[in-house]
Amino acid sequence: MYGLWRPRVLGAWRVPATGPVIFAVNHSHNIDGPMVMGVAPRPTHFLIKREAFVGPLGTFLTGIGQLKVDRHSADRAAIGQALGVLAAGGVLGIFPEGTRGEGDFASLRAGLAYFAVRSGAPIIPVAVLGSAERRGRLIGGLPPLRSRVDVVFGDPFDAIEGVRSSDTGGGGRRAGGSGRRTRKALDEATERIQKQLAAHLEHARRLTGGRATLE
């Protein structure tokens, strides 16, 4: 990522050094996930559509710990692997909008709330800005080479207000949610998450001057 573009990373210090964390990333371009993987202060395991796991790319993604998910069904294997990442104190990356779009967190699926409530892991909003504004001349589907892309990490927050997982004693947090996973609880968590993510995106845009400047 640093060789092809010029990422500007803001707020990485907000990411806890240890313990389970969920990165909730907006998604407007295909490079958003790889960009976060490349610049995040901790190794990140993203849930990625199974269609991407083809040939050498699939081997590569599996080798670096990315998780294959079937977006068209309740993929129990992927759910178990994702919860396993959090139970082991790792970082799970999710595009809560479910698919690439405007990247504005306007419409969220319930998956993020489920993983956050089930695991008790804090959510860190991540805004990727500048990846979709312009297309490069050399490769039309990518931002211009050596252009700037901003990645802004926000403050960690809990899916359900006032419910926190236990401290690990080492500065991190241990997976182990409240167990309250009723439809009503997940709907409430999703609403709270959406407000937090939208507020972070607005803050990130102000912080970066509206969007990343592509130079």
Side-chain angles (χ1 to χ4, degrees), residues 9-29 32-33 35-37 39-42 44-47 82-83 85-86 90-132 150-167 172-212:
V9 182
L10 306 173
W13 57 269
R14 294 186 171 96
V15 179
T18 59
V21 173
I22 300 173
F23 287 162
V25 185
N26 68 322
H27 194 22
S28 59
H29 196 283
D32 295 337
M35 183 63 69
V36 174
M37 291 179 210
V39 306
R42 294 175 57 184
T44 306
H45 306 270
F46 268 92
L47 281 166
L83 291 173
V85 167
L86 295 172
V91 179
L92 178 67
I94 293 179
F95 298 115
E97 295 159 293
T99 186
R100 181 161 47 91
E102 295 299 319
D104 56 4
F105 293 129
S107 178
L108 305 188
R109 295 190 176 184
L112 174 57
Y114 174 83
F115 287 118
V117 173
R118 173 75 181 268
S119 69
I123 298 168
I124 292 184
V126 184
V128 181
L129 302 173
S131 60
D150 288 339
V151 181
V152 186
F153 294 88
D155 290 317
F157 68 92
D158 293 290
I160 298 178
E161 190 172 10
V163 176
R164 290 185 172 272
S165 57
S166 301
D167 291 336
R173 288 158 46 124
R174 179 179 66 238
S178 66
R180 202 160 63 91
R181 298 188 297 274
T182 64
R183 170 54 58 185
K184 182 174 184 294
L186 292 177
D187 287 346
E188 290 174 352
T190 298
E191 182 177 357
R192 170 174 166 76
I193 290 168
Q194 196 277 332
K195 290 179 180 178
Q196 294 276 0
L197 298 185
H200 171 68
L201 184 59
E202 182 180 354
H203 169 72
R205 285 172 172 162
R206 289 198 306 267
L207 189 66
T208 60
R211 64 178 177 87

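Only this structure's heavy atoms are used, side chains among them; waters, hydrogens and symmetry mates stay out.
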Chemist: Which heavy atom of A159 sits nearest to which heavy atom of A116, and what is that distance?
Modeler: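 Taking every non-hydrogen atom into account, CB-CB, 3.6 Å.
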Chemist: Looking at every heavy atom in both P41 and A12, which two are closest together, and how far apart are they?
Modeler: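 What the structure gives for the nearest pair is CG-O, 3.8 Å.
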Chemist: Would you say I124 and P16 make side-chain contact, with heavy atoms under 4.5 Å?
Modeler: yes
Chemist: Atom CE of M35 and atom CG of L129: how far apart are they, to the nearest 0.5 Å?
Modeler: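 Between M35 CE and L129 CG, I get 11.5 Å after rounding to 0.5 Å.
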Chemist: Testing the basics here: between F153 and A40, what is the closest heavy-atom pair and its distance to 0.1 Å?
Modeler: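 Minimum heavy-atom separation between F153 and A40: CZ-CA, 3.9 Å.
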Chemist: Does the separation of the ring centres of F23 and F46 fall below 6.0 angstrom?
Modeler: no
Chemist: Give a yes or no on whether a salt bridge exists between R192 and E188, defined as a side-chain N under 4.0 angstrom from a carboxylate O.
Modeler: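 A salt bridge is absent here (no side-chain N lies under 4.0 Å from a carboxylate O).
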Chemist: Atom CG in N26, atom CG in L201: separation rounded to 0.5 Å?
Modeler: 5.5 Å
Chemist: Can you tell me how far CG of D150 sits from CG of L207, rounded to the nearest 0.5 angstrom?
Modeler: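 Rounded to the nearest 0.5 Å, the CG-CG separation comes to 8.0 Å.
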Chemist: What is the distance from atom CD of Q196 to atom CD of E191, rounded to the nearest 0.5 Å?
Modeler: 11.5 Å
Chemist: Please give me the minimum heavy-atom distance between H200 and V152, naming the atom from each residue.
Modeler: NE2-O, 2.9 Å
Chemist: First locate atom CZ of R14, then atom CG of D155, and finally report the distance between them rounded to the nearest 0.5 Å.
Modeler: 4.5 Å
Chemist: Taking all non-hydrogen atoms of both residues, which atom of L92 and which atom of T44 are closest, and how far apart?
Modeler: C-CG2, 4.4 Å
Chemist: If the test is side chain to side chain contact (heavy atoms under 4.5 Å, CB included), which one of V126, V25, I22 qualifies with I94?
Modeler: I22
Chemist: Testing the basics here: between V91 and V85, what is the closest heavy-atom pair and its distance to 0.1 Å?
Modeler: O-CG1, 3.7 Å
Chemist: Return the CG to CD distance between L197 and Q194, rounded to the nearest 0.5 Å.
Modeler: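 It comes to 7.0 Å.
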